[in-house]
Protein chains: 2
Amino acid sequence: MAVAASVSRATAARALSHHGYVGDETATRVQEAADRLGYRANRVAQALRSGQLPIAGFIPGDIQNPFFAGIAHDLEVELRKHGHNLLIASSGDNAAQERELLESLRALGLCGFVLTPASAASSQHIAKLARDGVPCVLIDRVAKGARCDSIVVDNVGGARAAVDYLVANGHRRIGFLRDDSQIFTAQERLAGYLRALTGHGIVPEKQLIARSRSVVEHAIAATTRLFRRRNKPTALFTVDSLMTQGALLGLRAMGLQVPHDVSLIGFDDFSLATFTDPQITVVAQPTAEIGALAARLLIERLAGDMADPQHIRFPTQLIVRGSVSCPPAR
Amino acid sequence: MAVAASVSRATAARALSHHGYVGDETATRVQEAADRLGYRANRVAQALRSGQLPIAGFIPGDIQNPFFAGIAHDLEVELRKHGHNLLIASSGDNAAQERELLESLRALGLCGFVLTPASAASSQHIAKLARDGVPCVLIDRVAKGARCDSIVVDNVGGARAAVDYLVANGHRRIGFLRDDSQIFTAQERLAGYLRALTGHGIVPEKQLIARSRSVVEHAIAATTRLFRRRNKPTALFTVDSLMTQGALLGLRAMGLQVPHDVSLIGFDDFSLATFTDPQITVVAQPTAEIGALAARLLIERLAGDMADPQHIRFPTQLIVRGSVSCPPAR
DNA sequence: ATGAAAGCGCTAACAT
DNA sequence: ATGTTAGCGCTTTCAT
């Protein structure tokens, strides 16, 4: 390539990267030669020199969850504008796998990460990442002790709003369907649920809280368990859209009608919610903003921004549809 | 690292990669030193030497489409077993963007690709990829002239089965909602639709075929246009799940009931289909097999398999639920 | 304004 | 069985 333009490799590199002094005429000559030959700098070689591949890593719990798929898309679009690509590796909400993934991807020289920590507690690996100066933004969940940017939503407030609304409709036995993991959001949402109940003078009951993996099939089983008991809840609050789906299916299988027999509110809006009859009342998150903002934060860090980590918390919004009514008379 | 084990860098490399002769004792010494120091080989440097990053590229139309998100997940799992990672870049079903993406990712040294060609016709870039010996498997759609493996489903047969079923239920004015692009699947599904109609002695009408981008909002508009005409169809066949969603929403907005006013069948099963009332009859694809198989084919190619390209076509299956009934009396 | 040379971290060929 | 050396393709001093 350099020889085609009859200049040294050094000059060619300067011309193409617009760095340092290059004569105008030389610059155009190099440019033309490059175009003619369809030359593209080997990014791996560049990465070896610079220590950084132009690839960011996204480590969500599960790319099949539409919430994460949407964010992945937005990240990708935004990063691409700045010449970066996106590598996606799902952790399955498993902290050990997350750590392993992170380690192997660091050896790959990725320039930064966007991740959804699988566990609020065991997050030394993330703290270390940040300590080593690898740009890293946490979304949806935070990790204790990691000095990095984070973007979350008001989980406590969202859960409270849901429970308040159920109580206002006369419910006092409100079930809570949460996922089984150490996930930060589930903990916060549980806190909001408990606080709201207490605020209304209702004593939380352990038997009304069901756990399952965040997988539709498991959520169905958990729902069934919850509603098989004699003193069943009159309403149910689910912590994410996969669990909401499971609950819907579980209730249907038991012949329980929403909202006639059971009222339902889910955390996280999802397309399915408006296709059911009745439509599902949900606590919505600003999904469209999270991915783009995360990308922007990451890009600023990549550009060398060393300011203190930013911790952003978006509000949530209760979207009232038709899945809540007054509890059935006894 | 090498010095910590007091061996040469070469020996260390041999010990860790289990290549060439290394004394047993030396091997363990190196291994220990590596563990102790938390040493991980720089994969970028390895890539520079070998010319290949251990990363495969997945270029779907849109990662937000659950069909592709599911495949992405399966690809990832399968590739990880063999030490490879997955980079995802959506083409937006735009052939130009796909070409650009492919070019920039090749410069990145990705070891292979799984892609869903945006256009059946303009696929020189894919043909070139294959010619240059880059392993590449096409899924969901094929690309003319590209010598690479492909995995598709029986689109013609699936569309026929849907139309046959509608005709068997007494429909003769059957609308077709397709996407606007050059996508191979839409063309095949259209062919199946037309052939089935002709087979039943029904003359296809151009006015019954609506086009829109494969985006819910656009599909709503297209549906509305189709059903505003005086002589509206009594049934509708949609070409993918996003269009099916759009159709559902469009019909609902017009106050048309499924299946009372309009019967509906969609291509591609999706979770929403069982949550609507009535549930939607669909042509299902073996989604769980496609990703895993694609990964396996890619891995074989990476291992040096030079055999002729394999072209695999999976059958589809009509899943009858409740969205089809006899056409309303005139 | 341009060229020469060194080196990023690794491994395969060759030498011992 | 192990060490030495060269070179993957690039960029960036440093010299001219």
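Reminder, nothing fancy here: chain letters follow the sequence lines and each chain counts from 1.
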Let me confirm one number: the CG-CG distance from B:D74 to B:L79, rounded to the nearest 0.5 Å. 10.5 Å

Residue whose closest nucleotide on DNA chain D lies nearer the 5' end, A:A13 versus B:A12: B:A12

Write down the distance between CD (B:Q52) and P (C:dC10), rounded to a whole number of angstrom. 19 Å

So do B:Q64 and A:P66 actually touch side chain to side chain, heavy atoms under 4.5 Å? no

Report the nucleotide, chosen from C:dC10, C:dT2, C:dC8, that has the shortest atom-to-atom distance to any side-chain atom of A:L48. C:dC8

Measuring from A:F314:CZ to A:I151:CD1, what's the distance to the nearest 0.5 Å? 6.5 Å

Taking CG from B:L16 and C1' from C:dT11, how many angstroms apart are they, rounded to a whole number? 12 Å

Rounded to the nearest angstrom, tell me the gap between atom NE2 in A:H19 and atom C1' in C:dG3. 19 Å

Within the structure, does a side-chain N or O atom of A:S8 lie under 4.0 Å from either OP1 or OP2 of C:dA4? no

Just to be sure I understand the rule, does B:A47 reach a base, reach only the sugar-phosphate, or reach nothing, if contact means heavy atoms closer than 4.0 Å? nothing

Among C:dT11, D:dC10, C:dA4, the one nearest A:R49 by side-chain distance: D:dC10

Which listed nucleotide (C:dG9, D:dT11, C:dG3) is nearest to the side chain of B:N42? C:dG9

Side-chain N,O (B:Q46) to OP1/OP2 (C:dT11) below 4.0 Å: yes

Quick one, A:F184 and A:D140 - any side-chain contact, counting heavy atoms below 4.5 Å? no

If you check the A:Y39 side chain, which of D:dG3, D:dC10, C:dC10 turns out closest? D:dC10

Do we see a donor-acceptor contact under 3.5 Å between the side chains of B:E103 and B:H125? no

Any side-chain heavy-atom pair from B:Q182 and B:S122 closer than 4.5 angstrom? no

B:V22 side-chain proximity, nearest of C:dG3, D:dT2, D:dC8: D:dT2

NA contact type, A:V7, heavy-atom cut-off 4.0 Å: base, sugar-phosphate, or nothing? sugar-phosphate

Among C:dA12, D:dT2, C:dG9, which is the nearest nucleotide to the side chain of B:T26? D:dT2

Quick one: does A:R14 reach the base of C:dG3 with a side-chain donor-acceptor pair under 3.5 Å? yes

What is the distance, rounded to the nearest whole Å, between atom CZ of B:R9 and atom P of C:dC14? 20 Å

Roughly how many Å is it from CG in B:L53 to C1' in C:dC10, rounded to a whole number? 14 Å

Measure the shortest side-chain to side-chain distance between B:L105 and A:N85 over non-hydrogen atoms and say whether it is less than 4.5 angstrom. yes

Closest to the side chain of B:Y21, out of D:dA1, D:dC10, D:dT12, is D:dA1

Should B:L293 and B:E78 count as side-chain neighbours, where that means a heavy-atom distance under 4.5 Å? no

The bend of the helix from C:dA1-D:dT16 to C:dT16-D:dA1, taken between the axes of its five terminal pairs at each end and rounded to 10°, is 40°

